[in-house]
Amino acid sequence: VTIVPRSNSITIYPTILASGNGINIQTSISTDYLDIIIYDLQGKPIQTFQLRNILAHVPVTLPLSFLPSNLYLVKATGNDCSLTQKIVIQ
(Lines give C-alpha, C1' and ligand atoms only; values in the text may rest on other atoms or scores of the structure.)
Protein backbone atom coordinates (compact mmCIF):
# COMPACT_ATOMS: atom_id res chain seq x y z
CA VAL A 1 0.00 0.00 0.00
CA THR A 2 1.36 3.39 -0.99
CA ILE A 3 0.15 6.44 0.88
CA VAL A 4 0.29 9.61 -1.17
CA PRO A 5 0.21 12.80 0.88
CA ARG A 6 -2.45 15.28 -0.07
CA SER A 7 -0.99 18.36 -1.66
CA ASN A 8 -2.70 21.64 -0.90
CA SER A 9 -2.42 24.48 -3.34
CA ILE A 10 -3.89 27.97 -3.29
CA THR A 11 -5.24 29.83 -6.31
CA ILE A 12 -5.82 33.59 -6.41
CA TYR A 13 -7.74 35.09 -9.35
CA PRO A 14 -8.19 37.30 -11.24
CA THR A 15 -4.75 38.86 -11.14
CA ILE A 16 -5.87 41.93 -13.10
CA LEU A 17 -9.13 43.49 -11.97
CA ALA A 18 -11.11 46.67 -12.35
CA SER A 19 -11.28 49.08 -9.44
CA GLY A 20 -14.20 48.26 -7.15
CA ASN A 21 -13.99 44.49 -7.67
CA GLY A 22 -12.61 41.69 -5.50
CA ILE A 23 -10.39 38.65 -5.83
CA ASN A 24 -11.26 34.99 -5.42
CA ILE A 25 -9.17 32.62 -3.34
CA GLN A 26 -9.56 28.87 -3.54
CA THR A 27 -7.70 25.84 -2.15
CA SER A 28 -7.33 22.36 -3.60
CA ILE A 29 -8.25 20.67 -0.29
CA SER A 30 -10.31 21.76 2.69
CA THR A 31 -8.30 23.65 5.28
CA ASP A 32 -8.87 24.94 8.81
CA TYR A 33 -7.63 28.43 8.11
CA LEU A 34 -6.28 30.78 5.49
CA ASP A 35 -4.62 34.06 6.45
CA ILE A 36 -4.50 36.69 3.71
CA ILE A 37 -2.37 39.84 3.78
CA ILE A 38 -2.49 42.53 1.08
CA TYR A 39 0.79 44.48 0.72
CA ASP A 40 1.60 47.65 -1.20
CA LEU A 41 4.74 47.87 -3.33
CA GLN A 42 6.81 49.13 -0.40
CA GLY A 43 5.95 45.96 1.54
CA LYS A 44 3.58 47.70 3.93
CA PRO A 45 0.59 45.55 4.98
CA ILE A 46 -2.62 47.25 3.81
CA GLN A 47 -5.32 44.77 4.84
CA THR A 48 -5.55 41.41 6.62
CA PHE A 49 -8.26 38.77 6.20
CA GLN A 50 -8.59 35.66 8.38
CA LEU A 51 -10.64 32.93 6.76
CA ARG A 52 -11.67 29.81 8.65
CA ASN A 53 -12.99 26.38 7.61
CA ILE A 54 -12.31 26.71 3.90
CA LEU A 55 -13.89 24.03 1.70
CA ALA A 56 -11.93 22.53 -1.20
CA HIS A 57 -12.59 24.05 -4.64
CA VAL A 58 -15.07 26.59 -3.24
CA PRO A 59 -13.90 30.13 -4.05
CA VAL A 60 -14.06 32.81 -1.36
CA THR A 61 -14.39 36.38 -2.64
CA LEU A 62 -12.48 39.11 -0.84
CA PRO A 63 -13.74 42.66 -1.42
CA LEU A 64 -11.00 45.05 -2.51
CA SER A 65 -13.14 48.05 -3.49
CA PHE A 66 -11.32 50.16 -0.86
CA LEU A 67 -8.00 49.84 -2.73
CA PRO A 68 -7.05 52.45 -5.35
CA SER A 69 -5.62 51.49 -8.73
CA ASN A 70 -2.12 50.12 -8.23
CA LEU A 71 0.02 46.97 -8.06
CA TYR A 72 -0.29 44.88 -4.86
CA LEU A 73 1.03 41.62 -3.43
CA VAL A 74 -1.39 39.13 -1.90
CA LYS A 75 0.08 36.58 0.50
CA ALA A 76 -2.11 33.62 1.44
CA THR A 77 -0.94 31.20 4.13
CA GLY A 78 -2.78 28.09 5.31
CA ASN A 79 -2.22 24.53 6.51
CA ASP A 80 1.08 23.49 4.90
CA CYS A 81 0.68 25.90 1.99
CA SER A 82 1.55 29.44 1.06
CA LEU A 83 1.29 31.61 -2.03
CA THR A 84 2.32 35.17 -2.83
CA GLN A 85 0.62 36.53 -5.94
CA LYS A 86 0.92 39.90 -7.65
CA ILE A 87 -2.40 41.59 -8.53
CA VAL A 88 -3.14 44.74 -10.52
CA ILE A 89 -6.13 46.94 -9.79
CA GLN A 90 -6.89 49.16 -12.80
Side-chain angles (χ1 to χ4, degrees):
V1 175
T2 303
I3 298 174
V4 178
R6 296 187 308 170
S7 173
N8 189 8
S9 64
I10 301 170
T11 305
I12 298 174
Y13 62 95
T15 57
I16 300 175
L17 57 146
S19 181
N21 290 330
I23 56 171
N24 295 306
I25 297 183
Q26 166 176 323
T27 60
S28 60
I29 63 173
S30 295
T31 185
D32 296 334
Y33 73 94
L34 205 54
D35 293 331
I36 314 296
I37 304 173
I38 311 290
Y39 294 94
D40 66 12
L41 288 180
Q42 288 74 39
K44 177 184 171 191
I46 301 295
Q47 179 70 39
T48 301
F49 299 92
Q50 295 180 335
L51 309 176
R52 299 295 178 250
N53 301 315
I54 307 301
L55 298 176
H57 306 291
V58 177
V60 175
T61 301
L62 300 180
L64 299 180
S65 59
F66 60 92
L67 292 175
S69 298
N70 209 336
L71 178 67
Y72 297 92
L73 294 175
V74 179
K75 183 174 183 178
T77 306
N79 294 353
D80 299 323
C81 61
S82 182
L83 173 70
T84 301
Q85 176 72 52
K86 178 172 46 174
I87 63 167
V88 177
I89 298 179
Q90 299 180 330

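Atom set for the values below is all heavy atoms of this structure, side chains included, hydrogens, waters and symmetry mates excluded.
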For this session: Return the set of residues passing side-chain contact (heavy atoms from CB on, under 4.5 Å) with Pro63 (not counting sequence neighbours), or none when no residue passes.
Result: Phe49
For this session: Name all residues meeting the side-chain contact (heavy atoms from CB on, under 4.5 Å) criterion together with Thr11; count only those two or more places apart in sequence or in a different chain, and write none if there are none.
Result: Tyr13
For this session: Can you tell me which residue pairs pass the salt bridge (charged side-chain N to carboxylate O under 4.0 Å, His left out) test with a partner in residues 32-60, sequence neighbours excluded?
Result: Asp35-Arg52
For this session: Would you indicate whether the side-chain heavy atoms of Leu64 and Ile87 approach each other to under 4.5 Å?
Result: yes
Exercise. Can you tell me how far the CG atom of Leu83 sits from the OG1 atom of Thr27, to the nearest 0.5 Å?
Worked result: 12.0 Å
Exercise. Going from CG on Leu67 to CD on Gln47, what distance comes out if it is rounded to the nearest 0.5 angstrom?
Worked result: 7.5 Å
Exercise. What residues join Leu73 in its hydrophobic cluster, counting side-chain heavy atom gaps under 4.5 Å, either direct or through other members?
Worked result: Ile37, Tyr39
Exercise. Do you know which two heavy atoms are closest between Ser9 and Ser28, and how far apart they sit?
Worked result: N-OG, 2.8 Å
For this session: Run through the side-chain heavy atoms of Ile, Leu, Val, Met, Phe, Trp and Tyr, join any pair under 4.5 Å, and report what else lands in Ile16's cluster.
Result: Leu41, Leu71, Val88
For this session: State yes or no: do Leu17 and Phe66 share one hydrophobic cluster built from I, L, V, M, F, W and Y residues joined by side-chain heavy-atom distances below 4.5 Å, directly or via other members?
Result: yes
For this session: Quick one: pull up CD1 in Ile46 and CD1 in Ile38 and give me the separation to the nearest 0.5 Å.
Result: 9.0 Å
Exercise. What's the spacing between Ile12 CD1 and Lys75 NZ if we round to 0.5 Å?
Worked result: 11.5 Å
For this session: Give, for atom CD1 of Ile25 and atom CG of Leu34, the distance between the pair rounded to the nearest 0.5 Å.
Result: 6.0 Å
For this session: State, to 0.1 Å, how close Ile36 and Ala76 come at their nearest heavy-atom pair, and which atoms those are.
Result: CD1-CB, 3.5 Å
Problem set entry | Those residues that, when tested against Ser19, pass side-chain contact (heavy atoms from CB on, under 4.5 Å) (two or more places apart) | Ser69, Ile89
Seminar exercise, completed: Separation between CD (Gln26) and CG (Leu55), nearest 0.5 Å, reads 11.0 Å
Problem set entry | Any side-chain heavy-atom pair of Leu51 and Thr31 under 4.5 Å | no
Problem set entry | Closest non-hydrogen atom pair, Pro59 against Asn24 | CB-CB, 4.2 Å
